[in-house]
S.K.: 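Structure below; questions to follow.
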Amino acid sequence: MSHEQKKIRAFELVTPVVDDEASEEEKKFFFDFLETDEDVRRYFEEEQLIKKLVKRHGRYHSAPPALRKKISSTITHLAGQERLFSDDGLFVPFSIRRTPDIRRIAAIAVAASVLLSILLYLFLLLNGTSSEQVMAEHDRPSVEWMAYHHYETTRGMSLQPDIPPLPSDEMSSLLAEHFNYRIDIPRINGARLAGVVDTEFVPELRTPLFVYEMGPDDIIYVFALPETDLEQRLVRDPDAVAHCVTRGDYFVSTMRNRDLVSWKWNETWYVGISRHDGETLAALLPE
């Protein structure tokens, strides 16, 4: 089976896997493929999140008879539509079968992701749930989870800096004026500062995102968060807080498959994340 065919099959299995309706063989295929494909993994995680939210906060009401009749009619109609199969027996929806280009598949993934995001937003709006509650089990999201989330969802995209790389004094002045708190600019050995992006780290908390480039596919993110606002909206790893006391201290934590490096300069808390392991990234930081 080609990668394109596997990807189509993986997308078909997202909902059965999330609903625990897939067979053991299907689950093995799905999770093996998940390790190799970012599009399917993100779609899977978004559907997991929506199901979790609906289960936790949803209120259930019986659908009106007319709506139930319409849904039943639509399901019957779809079930009777023609299905096409590839030579190896893989079910392929007709619209995809006509255009098996991987770009079409990617477009479907993007469209599905956008639809899930819209559904998530509507759910939060209707149920009075803040986006902070979505991001963690706590009443506040964790700094580590949010840094990981921003890195994974924007890595590889061309981020347009709100503040281009400038001489240190000039950039420091612009940052202080723009964000209204003192920010020391990290200098990472061997990396070029590509610019600073004004980022909504969590709702009502905008922070500078320093973007560094060490190579074409080697990007380092560093977030700088004011401690005063940080404590009101986020939770930190207590070990990191206890460890990062003097300017030379740093702490390495892990979020899923990524290491994060935390440190404190004056009243600003920094979190760096990249494809490197934590000790390697920490070694690139200035003393």
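Atom set for the values below is all heavy atoms of this structure, side chains included, hydrogens, waters and symmetry mates excluded.
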S.K.: Drop me the distance from His150's NE2 to Ile273's CD1, to the nearest 0.5 angstrom.
M.R.: 11.0 Å
S.K.: Please report the closest heavy-atom contact between Val197 and Pro161, naming both atoms and the distance.
M.R.: CG2-CA, 4.1 Å
S.K.: With rounding to the nearest 0.5 angstrom, report the NZ to CZ distance, Lys264 to Arg247.
M.R.: 12.0 Å
S.K.: Do the two ring centres, one from Phe44 and one from Phe31, sit under 6.0 Å apart?
M.R.: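 They qualify: ring centres under 6.0 Å apart.
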S.K.: Looking at Val202 and Pro141, what are the two nearest heavy atoms and their distance?
M.R.: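 Looking at all heavy atoms of both residues, the shortest contact is CG1-CG, 3.9 Å.
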S.K.: Hey, is Glu38 close enough to Arg41 for a salt bridge, meaning N to O under 4.0 Å?
M.R.: yes
S.K.: What are the two closest non-hydrogen atoms of Cys244 and Ser262, and how far apart are they?
M.R.: SG-O, 3.4 Å
S.K.: Please check if the number of heavy atoms outside Glu21 that lie under 6.0 Å from its CD is greater than 12.
M.R.: yes
S.K.: Could you tell me whether Arg9 and Glu12 have a side-chain N and a carboxylate O separated by less than 4.0 Å?
M.R.: yes
S.K.: Looking just at side-chain N and O atoms, do Thr154 and Tyr221 make a donor-acceptor pair shorter than 3.5 Å?
M.R.: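 There is such a pair between these side chains.
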S.K.: Less than 3.5 Å apart, any donor N or O on the side chain of Thr246 or Asp249 sitting next to an acceptor on the other?
M.R.: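 The criterion, which ignores hydrogens and geometry beyond distance, is satisfied for Asp249 and Thr246.
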S.K.: For Leu285 and Ile188: C-alpha separation, side-chain torsions, deciding distance, then whether side chain to side chain contact (heavy atoms under 4.5 Å, CB included) applies.
M.R.: CA-CA 5 Å; Leu285 298 174; Ile188 298 179; 4.3 Å; yes
S.K.: For Ile183 and Pro208, work out which heavy atoms get closest and say how close.
M.R.: CD1-CG, 3.5 Å
S.K.: If I compare all heavy atoms of Arg258 with all of Arg275, which pair ends up nearest, and what's the gap?
M.R.: NH1-CA, 3.2 Å
S.K.: Under 6.0 Å from the NZ atom of Lys27, do we count more than 12 heavy atoms belonging to anything else shown?
M.R.: yes
S.K.: So, taking the atom named CD in Glu24 and the one named CD in Glu26, what distance separates them when rounded to the nearest 0.5 Å?
M.R.: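 Answer for the CD-CD pair, Glu24 versus Glu26, is 10.0 Å.
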S.K.: Where does the angle between the aromatic ring planes of His243 and Phe251 fall among parallel (under 30°), tilted (30 to 60°) and perpendicular (over 60°)?
M.R.: tilted
S.K.: Starting at CG of Leu205, measure out to CG of Leu225 and round the result to the nearest 0.5 Å.
M.R.: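 One gets 6.0 Å once the value is rounded to the nearest 0.5 Å.
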S.K.: State whether the number of non-hydrogen atoms from other residues, nucleotides or ligands found under 6.0 Å of Asn180 atom CG is greater than 12.
M.R.: no
S.K.: Test Trp269 against every option in Leu234, Thr207, Leu230 by the side-chain contact (heavy atoms from CB on, under 4.5 Å) rule and name the one that passes.
M.R.: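 Of all the options given, the one that passes is Leu230.
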S.K.: Considering non-hydrogen atoms only, spot the tightest contact between Tyr181 and Ala224 and give its length.
M.R.: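 Looking at all heavy atoms of both residues, the closest pair is OH-O, 2.7 Å.
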